[in-house]
Student: 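Below are the structure tokens for one structure; questions will follow.
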2 protein chains.
Amino acid sequence: MARAGLTAERLTQAGAELADEVGFDQVTLSALARHFDVKVASLYSHVTNSHDLKTRIALLALQELADRAADAVAGRAGKDALVALGNVYRDYAREHPGRYAAMHFRLDRETAIASAGVRHSAMTRAILRGYDLTEPDQTHAVRLLGSVFHGFATLELEGGFSNSSPDSQESWTRTLDALDALLRAWPAPE
Amino acid sequence: MARAGLTAERLTQAGAELADEVGFDQVTLSALARHFDVKVASLYSHVTNSHDLKTRIALLALQELADRAADAVAGRAGKDALVALGNVYRDYAREHPGRYAAMHFRLDRETAIASAGVRHSAMTRAILRGYDLTEPDQTHAVRLLGSVFHGFATLELEGGFSNSSPDSQESWTRTLDALDALLRAWPAPE
DNA sequence: GAATCTACCTAAATGCATTAGGCAAAACCG
DNA sequence: CGGTTTTGCCTAATGCATTTAGGTAGATTC
């Protein structure tokens, strides 16, 4: 019989697309086998198990998003960089909800350290160079920005903002304005 | 044979506890049946299916957290209220990670509208009375606060803040300081 | 062209979700 | 209290996802 030409990479890619279509939780080896018109057991030659597949999708998403973020912040500074980075996160979540969810798949410690995840915090820290923050405050600000970006993207995807009147795009713009103002006037501890 | 005395409420309660122990995703009818030393099929007399059970756990969590939040903001205003509300969210996520995750289980429209979820945004809006925001800006601020609270709680649970040096408690305190400062000097649109 | 490798296969065990149909404990009711 | 109804829990069976063991044929190598 003809071979399907599977590789871990093709499975990961197809898994990522499937995640965007039906949700990360619904990504199953069975569904993937159907997609490639192959028996499920055959997939085990390429990935060790379902957890491994999900890990690979998570790593793919982390890297894709880190690449986009790096592109976005290159040559920008201050609010310009802040807005660019924020938009990259939000847009990625909306274009690729499955991959975005995959990024928050629990990775074991060493995998996480070797992942593109570390580039994300580095880039957030980088845009803070355009603001005047002391070292420890930079860390707090990195965490705050991460919280806002992730929180907004998640709640927006969940439809939490879809009912009430001002559309979420406007809230997003104003949120970025607010964050810029906040970083320019970062308060001292009380 | 003796009866186990199951009810939808007991199943929901036990499901919530199980969620906190092993994660919301791992809450299964099978596990619950084992817990009550009963056959799985028996549970279908009390909940219509697995989705129904998860919905009930989500509603329980939404209500518990709304009750706590209402307690916390009662008799407080301004930053005092902001800090109290933020802490309720964060503490609930840390004490009850499974229930916290359950709250973000996708509810169908009518269920969501009838849920305690609406009380949450109402309370967030309430604490903004201590700040001087115009009507549309209140909505933006509600969404920003929701994003920060949810984002911070989620990232902290995921362990995103656990590696680097300043502990997350300090970042949380500074985040609340920053939000208070931001709300007191909310920027006009650009 | 023979030998090796490996991509994909069949078969089978396990676990969760769900439905259909049965029995006996509880609850109701005269 | 005795009979009837209700219903809580059961057994049995099906479907689907995961995973492992072991086989076969197509691709690769010499």
Side-chain angles (χ1 to χ4, degrees), chain A residues 1-60 98-99 101-102 104-108 111, chain B residues 1-60 98-99 101-102 104-108 111:
Chain A
M1 345 173 152
R3 296 195 177 186
L6 301 182
T7 62
E9 286 67 34
R10 287 191 66 198
L11 288 176
T12 306
Q13 189 66 38
E17 285 159 20
L18 183 60
D20 288 336
E21 287 163 27
V22 302
F24 184 61
D25 292 344
Q26 320 306 318
V27 173
T28 91
L29 290 177
S30 297
L32 226 47
R34 279 190 293 274
H35 176 261
F36 285 109
D37 198 25
V38 143
K39 298 297 169 182
V40 194
S42 308
L43 304 185
Y44 286 82
S45 305
H46 306 283
V47 293
T48 67
N49 53 31
S50 182
H51 185 276
D52 178 36
L53 172 70
K54 291 188 171 178
T55 299
R56 287 170 187 268
I57 297 173
L59 293 174
L60 171 73
R99 295 171 206 220
H104 294 91
F105 183 68
R106 181 68 124 200
L107 301 176
D108 42 289
T111 309
Chain B
M1 337 166 162
R3 295 193 178 186
L6 301 182
T7 63
E9 287 67 35
R10 289 190 65 196
L11 288 176
T12 306
Q13 189 65 38
E17 285 159 21
L18 183 60
D20 288 336
E21 286 163 28
V22 303
F24 184 62
D25 292 343
Q26 320 306 319
V27 173
T28 80
L29 290 177
S30 297
L32 226 46
R34 279 192 293 275
H35 176 262
F36 284 109
D37 198 24
V38 143
K39 298 296 170 182
V40 192
S42 308
L43 304 185
Y44 286 83
S45 305
H46 305 284
V47 294
T48 66
N49 53 31
S50 182
H51 184 276
D52 178 36
L53 173 70
K54 291 188 172 179
T55 299
R56 287 169 188 269
I57 297 173
L59 293 175
L60 171 72
R99 295 170 208 221
H104 294 91
F105 183 67
R106 181 67 123 199
L107 301 176
D108 42 290
T111 309

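Chain letters run A, B, ... following the sequence lines, proteins first and then strands; every chain starts at 1. Note that this is a predicted model, so its numbers are computed, not measured.
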Student: By nearest atom, which of the nucleotides D:dC9, C:dT19, D:dT18 is closest to the A:L29 side chain?
Tutor: D:dT18

Student: Taking only the side-chain heavy atoms of A:S42 (C-beta and beyond), determine which of C:dA17, C:dC8, D:dC9 contains the nearest atom.
Tutor: C:dC8

Student: Look at the side chain of A:Y44 and decide which nucleotide, out of D:dT18, C:dT18, C:dT19, has an atom nearest to it.
Tutor: D:dT18

Student: Quick one: do the B:D52 and B:T55 side chains pair a donor with an acceptor below 3.5 Å?
Tutor: no

Student: Roughly, in whole Å, what's the span from NZ in A:K39 to C1' in C:dA12?
Tutor: 15 Å

Student: How long is the line joining NZ of A:K54 and P of D:dT18, in whole Å?
Tutor: 8 Å

Student: Run the salt bridge (Lys or Arg N to Asp or Glu O under 4.0 Å) test against A:D25 and tell me which residues pass, sequence neighbours left out.
Tutor: none

Student: Where do A:K39 and A:A33 come nearest, in terms of heavy atoms and distance?
Tutor: C-CB, 4.0 Å

Student: What integer distance in Å separates A:L43:CG from C:dT6:P?
Tutor: 18 Å

Student: Can you tell me which nucleotide in C:dC8, D:dT18, C:dT19 comes closest to the side chain of B:A41?
Tutor: C:dT19

Student: Looking only at the side chain of B:R34 (C-beta and beyond, no hydrogens), which of the listed nucleotides C:dC9, D:dT18, C:dC16 gets closest?
Tutor: C:dC16

Student: Looking across every strand, which nucleic acid part, if any, lies under 4.0 Å from A:T28 by heavy atom: base, sugar-phosphate, or nothing?
Tutor: sugar-phosphate

Student: Check the distance between D:dT19's P and A:L32's CG and give it to me in whole angstrom.
Tutor: 13 Å

Student: Rounded to whole angstrom units, what separation is found between the CD atom of A:Q26 and the P atom of C:dA17?
Tutor: 13 Å

Student: Establish, with yes or no, whether the OP1 or OP2 oxygen of C:dC16 is under 4.0 angstrom from a side-chain nitrogen or oxygen of B:S50.
Tutor: no

Student: To the nearest Å, how far apart are B:L11 CG and D:dG8 P?
Tutor: 11 Å

Student: For A:G15 and A:V27, which heavy atoms make the closest approach, and how far apart are they?
Tutor: O-CG2, 3.7 Å

Student: Rounded to whole Å, how long is the line connecting atom NE2 of B:H35 with atom C1' of C:dC16?
Tutor: 18 Å

Student: Using whole Å, what does the distance between atom P of nucleotide D:dT6 and atom NE2 of B:H46 come to?
Tutor: 18 Å

Student: Can you confirm whether or not the ring centre of B:F105 sits under 6.0 Å from the ring centre of B:H51?
Tutor: yes

Student: OP1, OP2 of D:dT18 versus side-chain N and O of A:S30: anything below 4.0 Å?
Tutor: yes

